[in-house]
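A short write-up of the structure that comes next.
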Amino acid sequence: MALNMSVLADLVGETVIDKDAQTTPVADLVQEIGPDGIVGLYFSAHWCPPCRTFTPELIEFYTKFRETDPGRKMDIIFISSDKDEASFKTYLSEMPWKAMLYEEKDRKLKMSKKYGVHGIPTLVFIEADTGKLITTRGREGVHGIPTLVFIEADTGKLITTRGREGVGRDPTGKEFPYHPKSLVEILQGELLKGDASVQCDEMLSGKIKAFFFSAHWCPPCEIFTPDLVKTYEKIKADGKNFEIVYVSSDTSEDSFQKYYKTMPWLSLPFKDPRIDELSIHFEVEGIPTLVLVTENNELITMNGRIAVIKDPDGERFPWFPAPVEEIALDNASNLNESACLFLFTNGDTALQGSAVELMNDVAKNYRDEQKASVGTNDELPLLFFYYDGASTESVEIAKMLRMFVNVDEKEPALVLFDLSEEKKFSVSAKGINKNAISKIVEDFKTGKLQFEKLDF
């Protein structure tokens with residue numbers, strides 16, 4: 001079978017580099033691992049302590065696995081998030097695999113969006129000759145059994161896919177079979193308020209809550225924290241019923257104490273076991289992350305950090321997502337998470353002024369129906385976006401998306417697509433109206449929509 005040499009090169013560039021500064025054509029790498037070859041894309045950085053902890057484990061896995069027959073069909077490429085080329089070279093010098101060239105930063109962004117990478121370290125495994133995603137959870141696989149799933153024996157009903165974490169934190173099986181805990185169950189116990197200990201129920205009951213996943217060692221965290229303090233104090237001064245809980249990833253109690261002294265809100269104690277439970281509960285993949293929930297502990301947003309940056313005075317607090325959102329850097333990752341109905345206005349002045357109006361009623365009704373059906377809007381099967389052609393922030397995202405879904409940039413288009421399932425349904429410019437949008441959504445809900453395959 002002939003190998004496709006171009007797909008991986010389109011992702012990482014024509015050449016990769018090793019620790020000795022020797023370059024290798026990507027086509028040669030694909031040829032070496034052969035048919036059915038697998039490539040791990042290792043998103044990491046020298047400045048990131050969890051990365052530096054995991055990298056030696058990955059090296060050990062790589063070295064041993066490559067000596068086996070299956071291992072010879074696998075290789076890894078380092079995708080750097082280092083802040084300068086000197087750090088990149090220092091970090092690469094430790095690695096037995098090759099790296100994408102440091103200057104290929106645009107490719108890193110595109111891959112992050114394509115494969116839903118939101119934090120580091122992340123190890124993504126793909127098919128070498130097709131680029132098709134195998135898993136974004138390669139890091140867990142390297143640690144041991146990739147997934148331990150518990151089900152009910154008589155019904156087959158899922159209990160948890162997080163059995164591995166359950167066994168890790170509870171080796172004696174006291175909590176078996178590791179039913180997922182509610183947020184209320186996780187938070188039972190004491191919190192810190194400055195130097196004092198307080199009861200969680202007393203401090204958080206009936207309030208909108210934010211969980212601030214952060215650490216003193218993380219430069220983006222230290223930059224964001226003073227902005228969050230200002231917004232928090234403004235919201236509290238406005239009389240809003242709101243509280244923040246710091247969820248620490250600090251590596252020492254001394255650094256935890258120093259960092260927490262800069263914060264006016266509550267905190268879990270250093271190395272508290274609830275830290276891992278909250279990270280799993282919210283599926284936090286990187287820091288800083290600010291998660292907001294309602295008084296009833298329903299998720300409001302995982303993107304609280306971006307909300308604070310865009311709305312520092314808290315005028316739109318608590319930042320519920322709008323039914324229809326303009327595509328932007330802060331929400332682009334959602335394109336990988338669900339099916340999306342996307343209106344490309346492409347410079348059409350009439351559509352630019354009416355994009356939200358055209359979609360809003362249908363989107364709101366859909367959101368309300370989903371909440372009534374499943375009790376939450378945490379994971380909507382269909383999201384609604386538009387691009388008005390005017391936002392400079394979103395130009396590159398829209399350009400890449402038009403390429404993925406194959407629509408003409410000169411004409412408006414309405415496209416319902418699912419990137420993970422590689423399918424789309426599109427409507428030409430003349431057919432874009434409220435009735436068409438309503439019909440597409442109804443057919444999507446009932447499974448009647450006739451999709452065509454996306455060709456990346």
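Keep in mind that this is a model prediction, so the values were computed, not measured. By convention here, the first residue in the shown sequence is residue 1.
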Item checked: From F211 atom CZ to L268 atom CG, the distance as rounded to the nearest 0.5 Å -> 8.0 Å

Notebook entry, point to check: Judged by modelled atom types alone, do S279 and D276 share a side-chain donor-acceptor pair under 3.5 Å?
Noted result: no

Margin query: Check this for me: does any side-chain nitrogen of one of R66 and E32 sit under 4.0 Å from a carboxylate oxygen of the other?
Written below: yes

Notebook entry, point to check: Counting only heavy atoms not in E14, do more than 12 sit closer than 6.0 Å to its CD atom?
Noted result: no

Note to self: Counting the benzene-type ring for Trp, do Y232 and W265 have ring centres under 6.0 Å apart?
What the structure shows: yes

Check: Which pair of non-hydrogen atoms, one from A9 and one from R107, has the smallest distance, and what is that distance?
Finding: O-NH1, 3.6 Å

Notebook entry, point to check: Roughly how far apart are L92 CG and K19 NZ, rounded to 0.5 Å?
Noted result: 8.5 Å

Notebook entry, point to check: Residues two or more places apart in sequence or in another chain: which of them pass ring-ring contact (aromatic ring centres under 6.0 Å, His included) with W97?
Noted result: Y62

Notebook entry, point to check: For the residue pair F444 and F425, is the inter-centroid distance of their aromatic rings smaller than 6.0 Å?
Noted result: no

Next item on the list: Compare all side-chain heavy atoms of V291 with those of T301 and state whether any distance is below 4.5 angstrom.
Entry: no

Check: Within a strict 4.5 Å, meaning less than it, do heavy atoms of the K424 and N406 side chains meet?
Finding: yes

Note to self: Heavy-atom count check: over 12 atoms from other residues, nucleotides or ligands less than 6.0 Å from E103 CD?
What the structure shows: yes

Note to self: Looking at K445, I'd like to know if its NZ atom is crowded, meaning that more than 12 non-hydrogen atoms belonging to other residues, nucleotides or ligands lie closer than 6.0 Å.
What the structure shows: yes

Note to self: Does any part of the side chain of M359, heavy atoms only, come nearer than 4.5 Å to the side chain of L343, both counted from C-beta?
What the structure shows: yes

Check: Are any of the side-chain nitrogens in D254 or K258 under 4.0 Å away from the carboxylate oxygens of its partner?
Finding: yes

Check: Just how far is it from atom CG of D82 to atom CH2 of W47, taken to the nearest 0.5 Å?
Finding: 9.0 Å

Notebook entry, point to check: Is there a side-chain contact between F320 and T294 (heavy atoms, below 4.5 Å)?
Noted result: yes

Item checked: Donor-acceptor contact present, side-chain N297 to main-chain L183, <3.5 Å -> no

Checklist line | Exercise: identify the closest heavy-atom pair between K271 and I275 | finding: N-CD1, 3.9 Å

Notebook entry, point to check: Taking C-beta and beyond as the side chain, do L292 and K209 meet within less than 4.5 Å on heavy atoms?
Noted result: no

Checklist line | K89 atom NZ, over 12 foreign heavy atoms within 6.0 Å | finding: no

Next item on the list: Taking atom types as modelled, find out whether S255 and S252 have a side-chain donor-acceptor pair closer than 3.5 angstrom.
Entry: yes

Check: Do E94 and H46 come close enough that some side-chain heavy atom pair is under 4.5 Å?
Finding: yes

Checklist line | Side-chain H-bond candidate by donor/acceptor type, Y42 with T55, under 3.5 Å | finding: yes

Note to self: Checking the side chain of D313 only, and the main-chain atoms of E315 only, is there a donor and an acceptor separated by less than 3.5 Å?
What the structure shows: no

Notebook entry, point to check: Do you know the tightest heavy-atom contact between W319 and T231?
Noted result: CH2-CG2, 4.1 Å

Margin query: With side-chain contact (heavy atoms from CB on, under 4.5 Å) as the criterion, how do I309 and F224 come out once you've worked through the C-alpha distance, each side chain's angles and the decisive distance to 0.1 Å?
Written below: CA-CA 8 Å; I309 291 170; F224 174 64; 4.2 Å; yes

Next item on the list: Run the numbers on Y366 and F384 for side-chain contact (heavy atoms from CB on, under 4.5 Å), then give the verdict.
Entry: CA-CA 10 Å; Y366 177 78; F384 296 77; 3.8 Å; yes

Next item on the list: Anything under 30° is parallel, anything over 60° is perpendicular, the rest tilted; go ahead and classify F256 against F270.
Entry: tilted

Checklist line | Atom of S249, atom of I287 and distance for their closest heavy-atom approach | finding: CB-CD1, 4.3 Å

Note to self: How long is the straight-line distance from NZ of K108 back to CG of L41, given to the nearest 0.5 Å?
What the structure shows: 13.0 Å

Next item on the list: Using the side-chain contact (heavy atoms from CB on, under 4.5 Å) rule, take L416 and F451 through it: C-alpha gap first, then chi angles, then the decisive distance, then the call.
Entry: CA-CA 9 Å; L416 195 154; F451 287 101; 3.7 Å; yes

Check: Are S44 and Y91 close enough that a side-chain donor and a side-chain acceptor fall under 3.5 Å?
Finding: yes

Margin query: Could you check whether any side-chain N or O of T68 sits under 3.5 Å from a backbone N or O of F65, counting only pairs where one atom can act as donor and the other as acceptor?
Written below: yes

Next item on the list: Report the distance from atom CZ of R402 to atom CD of E411, rounding to the nearest 0.5 Å.
Entry: 11.5 Å

Checklist line | Considering all heavy atoms, the nearest L278-L187 contact | finding: CD1-CD2, 4.2 Å

Next item on the list: Indicate whether the side chain of D250 and that of S248 have a donor and an acceptor atom separated by less than 3.5 Å.
Entry: yes

Notebook entry, point to check: Are the charged groups of K181 and E277 less than 4.0 angstrom apart, N to O?
Noted result: yes

Checklist line | side chain to side chain donor-acceptor pair (under 3.5 Å) partners of D443, counting only residues at least two apart | finding: K439

Notebook entry, point to check: Do F88 and F78 have ring centres separated by under 6.0 Å?
Noted result: yes

Next item on the list: Measure across S426 and V415 and return the closest heavy-atom pair with its distance rounded to 0.1 Å.
Entry: CB-CG2, 4.0 Å

Next item on the list: Determine yes or no for a side-chain-to-main-chain donor-acceptor pair under 3.5 angstrom, with T225 supplying the side chain and C221 the backbone.
Entry: yes

Item checked: Distance flag, aromatic centroids of Y387 and F385, threshold under 6.0 Å -> no

Item checked: Whether S354 side chain and L358 backbone form a donor-acceptor pair below 3.5 Å -> no

Check: Does D20 use its side chain to pair, donor to acceptor, with the backbone of Q22 at less than 3.5 Å?
Finding: no

Item checked: Expected output: side-chain R316 to main-chain A307 donor-acceptor under 3.5 Å -> no

Item checked: Spacing of L101 atom CG and T23 atom OG1 [to the nearest 0.5 Å] -> 7.5 Å

Checklist line | I33 and I38: CA distance, side-chain angles, deciding distance, side-chain contact (heavy atoms from CB on, under 4.5 Å) verdict | finding: CA-CA 8 Å; I33 58 179; I38 293 171; over 6 Å; no

Item checked: 4.5 Å side-chain heavy-atom contact, M111 and F43 -> yes

Next item on the list: Check whether any side-chain heavy atom of V39 lies under 4.5 Å from a side-chain heavy atom of L8, and answer yes or no.
Entry: yes

Note to self: Below 30° counts as parallel, above 60° as perpendicular, anything between as tilted: where do the rings of Y259 and F212 land?
What the structure shows: tilted

Notebook entry, point to check: Considering residues, nucleotides and ligands other than K399, do more than 12 of their heavy atoms fall under 6.0 Å from its NZ?
Noted result: no

Notebook entry, point to check: Just by modelled atom types, is the H281 backbone N or O under 3.5 Å from a matching donor or acceptor in the E283 side chain?
Noted result: no

Check: Do the side chain of D18 and the main chain of A21 share a donor and acceptor less than 3.5 angstrom apart?
Finding: yes

Note to self: Looking at G286, is its backbone amide N or carbonyl O close enough to the side chain of T289 to form a donor-acceptor pair, meaning the two atoms are under 3.5 Å apart?
What the structure shows: yes

